[in-house]
**Q** 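Next up is a structure, given as structure tokens.
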Amino acid sequence: MTHTRTNLGTSDLSVFPLNLGGNVFGWTADRQTSFDILDAFVAGGGNFIDTADGYSAWVPGNTGGDSERLIGEWQELRGNRDDLVIATKVSQHPDFLGLAADNILKAADASLERLRTDRIDLYYAHFDDETVPLEETVTALSSLVDAGKVRYLGISNYTAARIAEWFEIADAKGLHRPVALQPHYNLVEREFEGELRTIAEREQLAVLPYFSLAKGFLTGKYRDGVDVDSVRAEGAQAYLAEHAALLPVLDEVAAAHGVSVATVSLAWLRSQPTVAAPIASARTVQQLPDLLASATLELTEAELTALTDASVAVPASA
């Protein structure tokens, strides 16, 4: 069975089952590299791009919206906007912090301008803002759909209780319901499998996990005694102590299919209930084929079980 497109929750957005992460554009990938990665992603069948208005304000010299600008410039040059599904987020841009109604409306216009488009296909509340009544946030986001500036809404980094409250407000007021949820979830970070997954199933939310490769640990390149030159090396190394036992299982499954460990890790995630498309980013064009391959790799039930069992953290010795 080959996956080429999957429907996103209750929406009519048809997406490639790998969501290309845009956080690296304008950060660890310069303009030309970003364009090359985007070109290779589309050439490989991809159409689903994830970014945020805050990417990458943390880089010295960047202002936020840097990733959006590059994606906007690229799609305008290629003339392929109608072939793409572009997701972005609100609440973290230095000039548009938080989720007050007025801020959301201004931030959306700023994102549209940077993306050089007249609509955002999927617009997320990036982080919960408890200083603003949830009803105000939900109402403002819904109004963007009414205005035609946003096609569908998504939620990222909210608790299950707050998501439930969001749906209560939307249903009570007849507002547009979110169709997607973006949580932190991968083979070694599995908290999502509790209350969040329950609500995703109940509300038919398409789940698009971020940090799908656990900051690089799930590519298999981080091993005992191996130094990797990456901005994320420290985060990935931290997983080694607890999850070293997972690596031989990943190696075995990867060898059985003639693919990379990263491909297997993403294929496992894509196979989990409610998951529509894992998010993964590439700093170089060379990293992209392994990501793309995950969209069509079908693991056996035995392989999925072996990986799930091996991913349970080993408790630190007393």
**Q** Before accepting this row, confirm whether a basic side-chain N of the pair Asp83/Arg78 lies closer than 4.0 Å to the acidic partner's carboxylate O.
**A**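 Salt bridge flag = no for Arg78 with Asp83.
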**Q** Under 3.5 Å, is there a donor on one side chain and an acceptor on the other for Thr51 and Thr88?
**A** no
**Q** With sequence neighbours left out, which residue pairs that include part of residues 132-141 fulfil the salt bridge (charged side-chain N to carboxylate O under 4.0 Å, His left out) condition?
**A** Glu135-Lys173
**Q** Within this structure, what is the CG-CG distance for the pair Asp129 and Leu99, rounded to the nearest 0.5 Å?
**A**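 With rounding to 0.5 Å, CG (Asp129) is 5.0 Å from CG (Leu99).
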**Q** Can you give me every donor-acceptor pair (side chain of residues 40-49, partner residue at least two apart or in another chain, under 3.5 Å) with its distance?
**A**
unit_1: Asn47; atom_1: OD1; unit_2: Phe16; atom_2: N; d: 2.8
unit_1: Asn47; atom_1: ND2; unit_2: Ser14; atom_2: O; d: 3.0

**Q** Establish whether Val132 and Leu105 are linked, either directly or via other cluster members, by ILVMFWY side-chain heavy-atom contacts under 4.5 Å.
**A**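 No, separate clusters.
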**Q** Taking Asp36 first and then Arg31, would you say they form a salt bridge - that is, a charged N and a carboxylate O separated by under 4.0 Å?
**A**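 No, no charged N to carboxylate O under 4.0 Å.
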**Q** Taking Phe96 as the starting point, is it possible to reach Val138 by hopping between hydrophobic residues whose side chains are less than 4.5 Å apart?
**A**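 No: no chain of side-chain contacts under 4.5 Å links Val138 to Phe96.
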**Q** Which residue pairs satisfy the ring-ring contact (aromatic ring centres under 6.0 Å, His included) criterion with at least one member in residues 114-137, sequence neighbours excluded?
**A**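 For residues 114-137, and leaving out neighbouring residues, there are no ring-ring contact (aromatic ring centres under 6.0 Å, His included) pairs at all.
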**Q** Any side-chain heavy atom of Trp166 within less than 4.5 Å of one from Leu141?
**A**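 In contact.
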**Q** Please determine whether a side-chain nitrogen of the Lys or Arg among Arg177 and Asp171 lies less than 4.0 Å from a carboxylate oxygen of the Asp or Glu.
**A**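 Yes.
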**Q** Considering only NZ, NE, NH1 and NH2 on the basic side and carboxylate oxygens on the acidic side, decide whether Glu191 and Arg197 come within less than 4.0 Å.
**A** no
**Q** Indicate whether any N or O donor in one side chain lies under 3.5 Å from an N or O acceptor in the other, for Arg190 and Ser311.
**A** yes
**Q** First locate atom CD1 of Ile155, then atom CG of Leu205, and finally report the distance between them rounded to the nearest 0.5 Å.
**A**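 Rounded to the nearest 0.5 Å, the CD1-CG separation comes to 6.0 Å.
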**Q** I'd like to know if Val253 and Leu304 are part of one continuous hydrophobic network [Ile/Leu/Val/Met/Phe/Trp/Tyr, side-chain heavy atoms within less than 4.5 Å].
**A**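 Looking at the clustering, Val253 is in the same group as Leu304.
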**Q** Regarding Trp268 and Asn186, is there a side-chain donor-to-acceptor distance under 3.5 Å anywhere?
**A** no
**Q** Using 30° and 60° as the class boundaries, would you call the ring planes of His184 and Tyr210 parallel, tilted or perpendicular?
**A**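 Parallel.
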**Q** Is any NZ, NE, NH1 or NH2 atom of the basic residue among Asp66 and Arg69 found under 4.0 Å from an Asp or Glu carboxylate oxygen of the other?
**A** yes
**Q** Side chains of Gln182 and Asn19: is there a donor and an acceptor less than 3.5 Å apart?
**A** no
**Q** So that I know where these two stand, are Tyr55 and Trp27 an aromatic pair - ring centroids less than 6.0 Å apart?
**A** no
**Q** Using a 6.0 Å distance limit plus a 45 degree cone around the ring axis, check whether Lys215 lies over the aromatic ring of Phe217.
**A**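 Judged by the rule, Lys215 and Phe217 form no cation-pi pair.
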**Q** I'd like to know if Arg81 and Asp118 make a salt bridge, using a cut-off of under 4.0 Å between side-chain N and carboxylate O.
**A**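 Asp118 and Arg81: not salt-bridged.
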**Q** Got a second to check how far Leu196's CG is from Ile163's CD1, nearest 0.5 Å?
**A** 5.0 Å
